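First up is the structure itself, then whatever we jot down about it.
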Amino acid sequence: MGFIASLLIVYGVAGVALGAAVAVAIGLSLHHRRRSRVAAYARSPSASPAAMREGFALLRGEVAADDAAPDDAVIAVEIPYCGEASPGAALGPWQTRARAFSLRLSSGAAVRVVPASGRLALDTTFVPTSRGGMPVYVSEVRPGDAIYIAGAVRREIDPSAAGKGYRDAAQAWVLRAPAHGNLCVSSETVIAHHARRARFHRAWALALGASLAALHLVLFRPFHASVFGALGPAGDIGVGPAALALFLVGAAALAYRTVAEQTSPWTELRVERPRAA
């Protein structure tokens, strides 16, 4: 095997390709951890409102019952479908209704949630039902419900409190959609899934990282030494080690992708969104 082919296998396949798989696993682990880790000031009943900070956060709390009647949903999403819907089936355009409401945290502090049109996602269970004789999937958030909601927390002027004048305007904590992304409402089941997926991808990141280190510190160590001049002129890695490296990299990447797909707790559905006029 030639020197150029050896370089491609060592640094291209066993370096870049396997390193990319490690990076993907780390990125997915961090993503799911971010989606499942509730902000400290929203976890503890004894947390002080002074501990609240601006920025992206996942909050857990109860929708304040004084915002509306118990049977009046503060957020509702309806997705019509025709007959028996199956995973991957095309669904109709959905309808979303949402209005501002208060979220009461464990500490008793309140955060005003302000959904924006077109920037709201419900990562919750949709229940099949019927509206006006049409079958629909429905997900609703009502006063008294305990929910998880992720978005951008910031301090804003509260128009419902007069304060003492424009120099002393009353302020309140407000949760809105982040600059890039949606305000996402999740159920406890979904949050638990995110936590498990974070652990799953972290375990694979460690396993793939260990494989990457073993290949380069054991199998390819003489080749690295020769390339950098520690063992004289650079040679090649031989057909046997090359074949073994290709097999290990391919098997590891395929195993990661296969297991990730087979253990995924989510099923993708095609949803037709109405186009903006």
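No experiment lies behind these values; they were computed from the predicted model shown. Just the heavy atoms: all of them, side chains too, but no hydrogens, waters or symmetry mates, feed the values below.
Rounding to the nearest 0.5 Å gives a distance of 8.0 Å between OG of S29 and CD1 of I26. We find the CZ-CG distance between R97 and D72 to be 8.5 Å, quoted to the nearest 0.5 Å. In this structure, the separation between CD1 on I147 and CG on L103 is 5.5 Å, given to the nearest 0.5 Å. Remark: E140 CD to E78 CD distance equals 7.0 Å, nearest 0.5 Å. From R33, atom CZ reaches atom CZ of R199 across 12.0 Å, with rounding to the nearest 0.5 Å. The line from CG of L58 to CD1 of I191 is 4.5 Å long, rounded to the nearest 0.5 Å.
Within a 6.0 Å sphere centred on CZ of R43, other residues, nucleotides and ligands contribute more than 12 heavy atoms. A 6.0 Å sphere centred on CZ of R196 holds more than 12 heavy atoms belonging to other residues, nucleotides or ligands.
Two residues are said to be in side-chain contact when any heavy atoms from C-beta on lie closer than 4.5 Å; C184 and R35 meet this criterion. With a 4.5 Å cut-off on side-chain heavy atoms, W204 and L28 do not count as touching.
Looking at S44 and S46, their side chains do bring a donor and an acceptor atom within 3.5 Å of each other. For the residue pair T263 / R197, a side-chain donor-acceptor distance below 3.5 Å is found, with atom types taken as modelled. With no hydrogens or angles considered, a side-chain donor-acceptor pair links Y256 and H201 at under 3.5 Å.
Taking the six-membered ring where the residue is Trp, F220 and H216 present perpendicular rings, their angle passing 60° and hence far from 30°.
With hydrogens and angles ignored, the 3.5 Å screen pairs no side-chain donor or acceptor of R60 with any backbone N or O of L105.
Y148 and F101 are not part of a single hydrophobic cluster, where members link through side-chain heavy atoms under 4.5 Å apart.
Salt bridge status for R112 with E156: absent, with no side-chain N to carboxylate O gap under 4.0 Å.
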